[in-house]
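These notes are about the structure you will find just below.
These numbers come from a predicted model, not from an experiment.
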Amino acid sequence: MPALAEFRLLGAFEVWVGGHRLQLGGCRQKKVLATLLLNVNAVVTTERLVDLLWEDPPGTARRQVHNAIARLRVSLGSARALVVSDGPGYRVQVAPEQVDVHRFTRALTAARRAAANGDWGSVSRTVPDALRLWRGPALAGLSGRLLEAAAHRLDEQRLAAQELAVESRLEEGEAASLIPELTELIAEHPLREGLRAQLILALARSGRQSEALEVYERTRLLLAEELGLEPGPGMRELQQRILRGDASLRGDGPAVPPARVLFEVPAPVEKDTATEDVPAGTVSVATPPRPCLLPYDIADFTGRDEDIARLLAAAGAPTESATVVTAIDGMAGVGKTALAVRVAYLLADRYPDGQLFIDLQGHTLGRRPLDPAAALDFLLRSLGVPADQVPATLPDRIARWRSQVAGRRLLLVLDNAEDTAQVRALMPTGPDIGVLVTGRRRLCALEGVSSHSLQPMSPGDATALFRRVAGWERTAPEPRGVVDVAELCGHLPLAVRIAASRFRNRPAWTVRHLVDRLGGAGRQLAELSLGDLSVANVFAASYDRLTVEQQRSFRLLGTHPDPEYNVTRAATLLGMNPESAERVLEELLDVHLLIQDKVGRYRLHPLLREYARSMGGDEAAA
């Protein structure tokens, strides 16, 4: 029967079984089923469903969730067995292909991978089919904070797919036929700079340069008026290329990928007034581009003074011939990227030839780690290498990359690295290059690296971060409550930031009310979620990278009543001999899913312990 069931979330929520559309009854049943389907084949805890249905849950909330599940099963009729009870919650047991959301996201992932490899034919075949799954706004008709956030993420993915489809058509030589379509999309999403860059490019490649420049100017005025911003460096470069009459923008030249134009094309080189009057016959040498691809530095960045001092000292000690490599490792949500970006800006003056940044997606939920070949393609393009001059093979790309950066004073930030092998392929050479790497795994095997393990914040810094994000005036009357919130968040920066942001956006809440919500049994992870930020999700990205044995061990460790244990105690709990138990403990320690304060003693961070319990750790040890 599961093969006959089809679930549609990309539009109005619909369930079809055996060719007939089911009537699911009340809104509560629809919300529960939609949430289970968004997390297909994964357990959604009862606490999470309570948070889905109520802002301030009644005392009977858990019983009402169970009743909603029972009514949902009745509504599903012959497909009722698809919704199963599992440990701390429920899951829907279907193949991802039966859910349009998962068919769409898989197709989009495949298309992005094809685009990274330059296979635009595959993109042009895959993306249109994926977009045809959409029947309207995602989850139309379902309200609530969690579902609205999920719908927003899906709608963003739809728009990204539309941009990718346009990019593939531009790559295959289309231009004029795209102009009406892009004009319509921009009317729906007027502040989407990527769409406007694509329209400018399509106009320019259609021989309509004056109109392309008019679109640029309208964009500049709109961004200034609405957001107080200037167009990004990619769009400014596109304008300059049109003004210069760049041959690659003509209809018979290769297309420039518009989705990359905002991020990879270097800013235009400023005119050197000393060389304006160049004698006839003199050869002019172009100045190498000086890109800055660093993300924005967070305005409310708090604390980390000792960490910053250590990293600046490590990064500021070049040798005569070696690249200086500094790695920041730590558990999910501990603030590695924010710290690396802050340090990168502080180091920028030492690297005047450019600052590069790339997310290697080593621990991004639902995404595969970025292939080194794709990463090098991005980095080479960022330094101005034309797409048709990027070598095809990985060894050739490595050689071109190292030649391209030789003699330049560059800073390279490799964020969210998976492991040493991924990073090693991207290593530049030369004493004038600095490298900052962040990742959840210790890069012990990377040669010449200076490692820095980042810990959760100090209690003082964590409370200061909460006050800064939440607002000083509202938190000042309850200093003890702020300390309690920071402690319930385990002093983890991501958790503190989410809690503070939720508090800031709930004017009726007091700090004590937030403490009570976070202190509710089994509710911490449900409370620490806001939009696309979720402590549980960043933990899941670490958990999903574990082996089956490691996952089982992690879940069982979460069931231990004492948060700290030695090898002997862990061996008994895991049903292993001490040697095997110690090996697993050390493996979990390497990826920061365990903490070791002293030799032979291990413990779980409080939020990781809660996450381990939510994953179902009540299985019997073998």
inquiry  = Please enumerate all residues that pass side chain to side chain contact (heavy atoms under 4.5 Å, CB included) together with Asn505, with sequence neighbours excluded.
reply    = none
Whether Asp100 side chain and Leu10 backbone form a donor-acceptor pair below 3.5 Å = yes
task = Enter the distance from Arg28:CZ to Leu33:CG here, rounded to the nearest 0.5 Å.
result = 15.0 Å
message = So if I apply the salt bridge (Lys or Arg N to Asp or Glu O under 4.0 Å) rule between Asp300 and each of Arg497, Arg504, Arg468, which one comes out positive?
response = Arg497
Residue pair Leu607 / Leu525: nearest heavy atoms and the distance that separates them = O-CD2, 4.2 Å
ask   = Hey, is Arg512 close enough to Glu478 for a salt bridge, meaning N to O under 4.0 Å?
value = no
request  = Over 60° means perpendicular and under 30° means parallel, so classify the ring planes of Tyr543 and Phe554, tilted if in between.
outcome  = tilted
message = Closer than 4.0 angstrom, basic N to acidic O: yes or no for Arg368 and Glu418?
response = no
message = If I take atom CG from residue Leu443 and atom CD1 from residue Ile328, how far apart are they, to the nearest 0.5 angstrom?
response = 11.0 Å
note = Here the pair of heavy atoms bringing Arg442 nearest to Ser453 is NE-OG, 3.6 Å
message = Can you give me the closest heavy-atom contact between Arg91 and Asn41, atom names plus distance?
response = CD-O, 4.0 Å
Positive for salt bridge (Lys or Arg N to Asp or Glu O under 4.0 Å) with Glu163, one of Arg196, Arg112, Arg192 = Arg192
request  = Mind checking the CE-CG spacing from Met331 to Leu608? Nearest 0.5 Å is all I need.
outcome  = 4.0 Å
Whether Phe466 and Phe503 hold their rings parallel, tilted or perpendicular, with breakpoints at 30° and 60° = tilted
Inter-residue atom distance Ser382.OG - Phe357.CZ, 0.5 Å rounding = 12.0 Å
note = So CG of Asp544 and CG of Leu546: to nearest 0.5 Å the spacing works out to 8.0 Å
query = Do the charged groups of Arg113 and Asp371 touch, with an N to O distance under 4.0 Å?
reply = no
query = Quick one: CD1 on Ile308 to CG on Leu311, what's the gap to the nearest 0.5 Å?
reply = 8.0 Å
query = Would you say Val83 and Ile69 make side-chain contact, with heavy atoms under 4.5 Å?
reply = yes
key: Considering all heavy atoms, the nearest Leu530-Ser501 contact   = CD2-CB, 3.4 Å
query = Can you name the residues that form a salt bridge (charged side-chain N to carboxylate O under 4.0 Å, His left out) with Arg603, not counting sequence neighbours?
reply = Asp597
